[in-house]
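Read through the structure below, which is laid out as structure tokens, and then see the notes.
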Amino acid sequence: MSDKNKLPLIYQLLLNRFGYQGWWPIRAEGEHNSNYHPKDYSFPKNDNELFEICVGAILTQNTSWKNVETALLSLRRHNAMSPSGIKRLPASKLAQIIHSSGYHNQKAKKLKAFVDFYLNNKGIITRESLLNLWGIGPETADSMLLYGYKVPIFVVDAYTRRIMGRIGFKENSYGDIQKLFMENLPADHKIFNEYHALLVELGKNICKSKPMCNYCPLKSICKYGNLR
DNA sequence: TTCCAGGCAATAC
DNA sequence: GTATTGCATGGA
């Protein structure tokens, strides 16, 4: 099997093992916490939910979602989970509120920069314009576009790179890996959504820095797994 | 104690 | 142009 033909197969194997993931975790009407909503691709349903996804995308940079969740709760408690709420706060105060997410001084500055942009560009958000902002790189921009704006663009993260590298794909840069997925799968935001979430699930639980290949649903097609 | 987490910008070479 | 370093909290 050629490498490219593996992409749909990997998706099926991951889906069979882990099931639908229901990303992006979001606090819906009447819910207290951010929750996953498997097989429901209607989120975000409004501007508040969209904004919350964008905030989460910035806060989760190189940080566990658990720490981000604490920071999101803190923002809500301080009445600051909105563009105006964040704009009104001094960066130092904002940093205190989100401290559990780590890098809180940097992330406070990133949130401020994003909010200014967001308020000045209602609804018109391009990848390029996001990348021009201080604090937003390719993964954060693509996460906002895919999970917030339902744009069919593939999100590449550290897990994706590790997993694809171990399986034996030669593509290594963000752009090359992204192209690999986008040129060999239907351009459907629901599929890109699940696929990325499933890769995270595999990377978190099995294809860790110390991989547990014996439990891996991809063992049969993985170069690294077959060496073990 | 050490390592790692749903990156990015600044700096060094 | 690529490699390294600083940013920081919290759980395993």
Side-chain angles (χ1 to χ4, degrees), chain A residues 11 14 18 20-27 33-38 43-44 52-75 91-115 117 127-149 151 153-166 170-178 181 189 192-212 215:
Chain A
Y11 180 65
L14 293 174
F18 297 118
Y20 291 93
Q21 297 300 299
W23 275 38
W24 186 279
I26 199 165
R27 186 191 62 88
N33 286 314
S34 299
N35 292 309
Y36 297 89
H37 299 86
F43 295 98
E52 190 165 319
I53 289 174
C54 294
V55 170
I58 290 172
L59 293 184
T60 199
Q61 290 173 358
N62 202 38
T63 300
S64 68
W65 183 256
K66 174 111 182 147
N67 285 2
V68 174
E69 179 69 11
T70 307
L72 294 178
L73 279 168
S74 176
L75 280 168
S92 58
K93 177 66 180 169
L94 181 57
Q96 283 178 32
I97 294 173
I98 62 168
H99 87 280
S100 72
S101 70
Y103 313 119
H104 48 274
N105 293 313
Q106 284 202 348
K107 284 176 179 173
K109 190 174 157 192
K110 293 176 182 185
L111 287 176
K112 294 290 244 179
F114 174 73
V115 161
F117 167 80
R127 187 175 197 265
E128 193 182 19
S129 61
L130 286 171
L131 291 177
N132 280 333
L133 293 176
W134 187 87
I136 297 193
E139 185 186 338
T140 308
D142 290 340
S143 294
M144 290 180 182
L145 291 169
L146 176 64
Y147 290 105
Y149 291 86
V151 175
I153 191 162
F154 202 89
V155 178
V156 177
D157 65 356
Y159 291 134
T160 311
R161 299 171 92 139
R162 182 164 77 204
I163 292 165
M164 300 306 278
R166 282 180 177 160
K170 63 180 188 312
E171 288 81 357
N172 198 12
S173 72
Y174 189 100
D176 286 350
I177 296 177
Q178 184 175 55
F181 283 93
H189 81 92
F192 290 174
N193 173 328
E194 286 294 346
Y195 209 144
H196 170 69
L198 287 164
L199 286 170
V200 172
E201 195 64 13
L202 184 75
K204 259 204 269 208
N205 298 304
I206 295 175
C207 197
K208 307 190 277 193
S209 54
K210 272 185 65 178
M212 302 159 65
Y215 300 94

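The shown structure was predicted, so the numbers you read here are calculated from the model rather than taken from an experiment. To find a chain, count down the sequence lines: A is the first, B the second, and so on, and within it residues start at 1.
- Partners of A/His189 under the ring-ring contact (aromatic ring centres under 6.0 Å, His included) rule, at least two apart in sequence or in another chain, do not exist in this structure.
- Taking a 6.0 Å sphere around OH of A/Tyr36, one finds it holds more than 12 heavy atoms contributed by other residues, nucleotides or ligands.
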Taking N or O atoms only and anything under 3.5 Å, show me the protein contacts with nucleotides 9-12 of chain C, one pair per line.
unit_1	atom_1	unit_2	atom_2	d
C/dT9	O2	A/Asn67	ND2	3.1
C/dG10	O4'	A/Asn67	OD1	3.3
C/dG10	O4'	A/Asn67	ND2	3.1

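- Under the ring-ring contact (aromatic ring centres under 6.0 Å, His included) criterion, A/Phe192 pairs with A/Phe154, not counting sequence neighbours.
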Please tabulate the protein-to-nucleotide N/O contacts below 3.5 Å involving nucleotides 1-4 of chain C, giving atom names and distances.
none

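- Partners of A/Ala108 according to the side chain to side chain contact (heavy atoms under 4.5 Å, CB included) rule, which considers only residues two or more places apart in sequence or in another chain, are A/Leu94, A/Ala95, A/Ile98.
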Using atom types as modelled, flag every donor-acceptor pair under 3.5 Å from a side chain in residues 200-207 of chain A to any protein atom, sequence neighbours excluded.
unit_1	atom_1	unit_2	atom_2	d
A/Glu201	OE2	A/Asn205	ND2	3.0
A/Asn205	ND2	A/Glu201	O	3.0

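- When the C1' atom of C/dC7 is taken as reference, atom CG of A/Leu111 falls 15 Å away, rounded to whole Å.
- Residues meeting the side chain to side chain contact (heavy atoms under 4.5 Å, CB included) test with A/Asp176, sequence neighbours left out: A/Glu171, A/Ser173.
- Each salt bridge (Lys or Arg N to Asp or Glu O under 4.0 Å) pair with one or both residues in residues 57-72 of chain A, not counting sequence neighbours, would appear here, but there are none.
- By the side chain to side chain contact (heavy atoms under 4.5 Å, CB included) test, A/Ser100 is found to be paired with A/Thr70, A/Ala71, residues two or more places apart in sequence or in another chain being considered.
- For A/Cys54, the side chain to side chain contact (heavy atoms under 4.5 Å, CB included) partners are A/Leu50, A/Phe114, A/Met144, A/Tyr149, not counting sequence neighbours.
- Under the ring-ring contact (aromatic ring centres under 6.0 Å, His included) criterion, A/Tyr11 pairs with A/Tyr195, sequence neighbours left out.
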**Prompt:** What is the per-nucleotide protein-contact pattern of nucleotides 8-13 of chain B, from the 5' end, where B denotes a base atom under 4.0 Å from a protein heavy atom, S denotes such proximity for sugar-phosphate atoms only, and - denotes neither?
**Reply:** SSS---
